[in-house]
Trainee: 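This is the structure I have questions about; it appears just below.
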Amino acid sequence: MSEERSLNFIEEIVEADISAGKHDGRVLTRFPPEPNGYLHIGHAKSICLNFGLAKKYNGKTNLRFDDTNPVKEDVEYVDSIKADVKWLGFDWAQELYASDYFDQLYDFAVTLIKADLAYVDDSTAEEIAAQKGTPTEPGTPNQFRSRSVEENLELFADMKAGKYPDGAKVLRAKVDLASPNMHLRDPLMYRIKHAHHHRTGDAWCIYPMYDFAHGQSDAIEKITHSICTLEFIPHRALYDWFIEQLSLFPSHQYEMARLNMTYTVMSKRKLLKLVEEGHVEDWDDPRMPTISGMRRRGYPAASIREFCERIGVAKRENMIDLSLLEFCVREDLNKNTWRRMAVLDPIKLVITNYPEGQSEVLVGENNPEVEGGDGEREIPFNNELWIEREDFMEEPPKKFFRLGVGLSVRLKNAYIVKCESFVKDADGNVTEVHCTYIPQSKSGSDTSGINVKGTIHWVSVAQAKTAEVRLYDRLFRVEDPSSEDGDFKEYLNPDSLQIINAYVEPDLANAEMGKAVQFIRKGYFNLDKHSTADKLVFNRTVTLKDGWKVGAPQPPKGGA
RNA sequence: UGCCUGAUAGUAUAAUGGUAGUACGACGGUUUUUGGUACCGUUUGUCUAGGUUCGAAUCCUGGUCGGGCAACCA
């Protein structure tokens, strides 16, 4: 069963390290989200990589919240992140927070000050930016850079003690103002923020910057392989510098390309905007590329893991086709979901030779993909049924294997019917299709000898339940909204959500959230969180692959 | 015009000096009580110019193109 997949470049590094005996062959990774938003499919790639690496090489993974900026962070996000990682199927070794290390980080800063490798700068943000120079011109030192160790020690202590307002002073590393790497031009280590922190409360009014927190946190935890995305490549020099100056455990940073996917955006900032401005219901709106949105939509966790496996890990920028994700979702759902019938755009079918008032109970397989079967359910049948409007055509073209006057189809799990006539209303809309059925053609005991090309789904008018069905389409009209001119929101797909009322077979009253079902010929559907006993609400997870399109004959290709 | 990165079918991803392969997509076919699934087939690729070598996607040099870097964000 195990399909051979070649190693990605991170796995090659890990295997090389293990065989070289580095860290005694130990593998400890970490997933380090900032709790300032919900996790999306891009994070899933990172989660699957970090936890997957640990699983594959007998290691462990820590969940560490990078909570160094209290003004943007919130416990709501911490809770959602934990829930999402668990739902994806991963267990972390330890639940940790960068804020757990605030005391140690402060001590590290003092150590650097004492080594004359850090100083307190009173400049404004604008002044500091100006003094940093440009990529082609070196930065220039200011008078604060030469403060004495004693003065720096005292000033930094005063910063911590709350003697200064926000922005009055910062602590900077003294590295190299002329470095071609902008991140080495005396980067900020601490800034003053009189803000309440979700974990440390009001204990601190100075908070470390990412660069002074992340690498040290990795080192404290003795992380062996610290994986992040490409944009952190220039930070690696700083990462290494702090670890070296402080003589800490030599964690190493490795960078990979982030996931981009067509027809969506993958930035927490942009996703937050969609939520705040009400373009979507919430972070878990089924159109969102968030883990919670995909869960609500009905994507199985296993299919997301499979997707992350298939997209690979490399260093080049990439744009993954949404169709690959949908393939993974369908592949999983096809194997694992029960089949049911639902009519989304109903038109009445009357069986003229089936006695009115008579009814019978038919059976249908739950899942034909399961070897040996997966049980059956009962389906009521009588002379009036709802069928899909698109399954009838007044003037059917060739190769239309559905209904039209004179055409026959199999009613799924029931009889073969032949269309005799139809009824229109004053506006010319077809309202009823009249058929005759063949009594000997009953599913499972067909002795009619008749073969029909098409099979359509249906539900009994008398027994059908109504349900609200939410049909989703891609969130954006263009493949890469972020690269288009103007605001990305201009490219939202106005038809990304369509709400309709459908008729569904009675058994669907037993549908459960998180246990998607296939509506035969229509797609996969998952009960929504807003569904109630009185009002069923389904989300369309994904359509079935549709190979046939009316009026779109395929021109012959090739030859010659 | 500085530094850092990267470039293989439409999209991803392998080939680690020795036959350019796989998946998704698209297209066609077989099977089918889902125009689904499954199975089979077709299609399309090494950014460019030199060099090293018996042999280069791979090594070297120059160019081209893409991405990133000058937040008190991560």
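Side-chain atoms are counted along with the backbone in the values below, which use heavy atoms only and exclude waters and symmetry mates.
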Trainee: With respect to A:Ile416, which candidate in A:Thr455, A:Ile450, A:Asn451 satisfies the side chain to side chain contact (heavy atoms under 4.5 Å, CB included) definition?
Mentor: A:Ile450
Trainee: Please examine the side chains of A:Ile206 and A:Tyr106, heavy atoms only from C-beta on, and report whether any two atoms are closer than 4.5 Å.
Mentor: yes
Trainee: Please report, rounded to the nearest Å, how far the P atom of B:C24 is from the CD atom of A:Glu306.
Mentor: 10 Å
Trainee: Quote, to the nearest angstrom, the C1' distance that separates B:A70 from B:U13.
Mentor: 35 Å
Trainee: What contact category does A:Asn318 fall into here, base, sugar-phosphate, or nothing, at under 4.0 angstrom with non-hydrogen atoms?
Mentor: sugar-phosphate
Trainee: If I take atom CE in residue A:Met261 and atom P in nucleotide B:C24, what distance separates them, rounded to the nearest angstrom?
Mentor: 18 Å
Trainee: How do A:Ser323 and A:Met319 order along RNA chain B: which one's closest nucleotide is nearer the 5' end?
Mentor: A:Met319
Trainee: Considering only the C1' atoms, how many Å lie between B:U58 and B:A14, rounded to the nearest integer?
Mentor: 13 Å
Trainee: Please report the distance separating the C1' of B:C65 from the corresponding atom of B:G28, rounded so that it comes out in whole Å.
Mentor: 36 Å
Trainee: What string of B, S and - do you get for nucleotides 31-38 of chain B, 5' to 3', when a contact is any protein heavy atom under 4.0 Å?
Mentor: --BBBBS-
Trainee: Using salt bridge (charged side-chain N to carboxylate O under 4.0 Å, His left out) as the criterion, list what pairs up with A:Asp480, not counting sequence neighbours.
Mentor: none
Trainee: Taking only residues two or more places apart in sequence or in another chain, which ones pass salt bridge (charged side-chain N to carboxylate O under 4.0 Å, His left out) with A:Asp100?
Mentor: A:Arg199
Trainee: Would you call A:Arg410 and A:Asp446 a salt bridge, taking side-chain N to carboxylate O under 4.0 Å as the test?
Mentor: yes
Trainee: Run through RNA chain B and report every stem of 3 or more consecutive Watson-Crick or G-U pairs, distances under 3.5 Å, ordered by first number.
Mentor: B:2-7 with B:64-69, B:10-13 with B:21-24, B:26-30 with B:38-42, B:47-51 with B:59-63
Trainee: Does atom NZ of A:Lys273 have more than 12 heavy-atom neighbours, drawn from other residues, nucleotides or ligands, at distances under 6.0 Å?
Mentor: no
Trainee: Ignoring backbone atoms, establish whether A:Arg316 has a side-chain N or O less than 4.0 Å from OP1 or OP2 of B:A7.
Mentor: yes
Trainee: For nucleotides 68-74 of chain B, read 5' to 3', which letter fits each nucleotide if B means a protein heavy atom sits under 4.0 Å from the base, S means only the sugar-phosphate is that close, and - means neither?
Mentor: -SBSBSB
Trainee: Evaluate A:Arg377 against A:Val363 for side-chain contact (heavy atoms from CB on, under 4.5 Å), listing each step before the verdict.
Mentor: CA-CA 6 Å; A:Arg377 87 289 190 185; A:Val363 292; over 6 Å; no
Trainee: Does a donor on one side chain sit under 3.5 Å from an acceptor on the other, for A:Tyr38 and A:Glu76?
Mentor: yes
Trainee: Regarding A:Thr134 and A:Glu137, do their side chains bring together a donor and an acceptor under 3.5 Å, going by distance alone?
Mentor: yes
Trainee: Using atom C1' of each nucleotide, how far apart are B:G29 and B:G66 to the nearest Å?
Mentor: 40 Å
Trainee: Using a 6.0 Å distance limit plus a 45 degree cone around the ring axis, check whether A:Lys169 lies over the aromatic ring of A:Tyr164.
Mentor: yes
Trainee: Measure the distance from CD1 on A:Ile41 to P on B:A12 and round it to the nearest whole Å.
Mentor: 16 Å
Trainee: Measure CZ/A:Phe9 against C1'/B:G6 and give the value in whole Å, please.
Mentor: 11 Å
Trainee: Let me know the distance between CD of A:Glu309 and C1' of B:A14, rounded to the nearest Å.
Mentor: 14 Å
Trainee: For the P atoms, the ones on B:U46 and on B:U8, what distance do you get once it is rounded to whole angstrom?
Mentor: 11 Å
Trainee: Rounding to an integer number of angstrom, what distance separates B:G41 and B:G25 when you compare their C1' atoms?
Mentor: 16 Å
Trainee: Under the rule for salt bridge (charged side-chain N to carboxylate O under 4.0 Å, His left out), what residues qualify as partners of A:Glu221, not counting sequence neighbours?
Mentor: A:Arg64
Trainee: Could you check whether A:Glu73 and A:Asn36, counting side-chain N and O atoms only, form a donor-acceptor pair closer than 3.5 Å?
Mentor: no
Trainee: When rounded to the nearest Å, what value does the distance between C1' atoms of B:C60 and B:U53 take?
Mentor: 12 Å
Trainee: When you compare B:C47 with B:G6, how far apart are their P atoms, in angstrom units rounded to a whole number?
Mentor: 15 Å
Trainee: Rounded to whole Å, how long is the line connecting atom NZ of A:Lys315 with atom C1' of B:U8?
Mentor: 18 Å
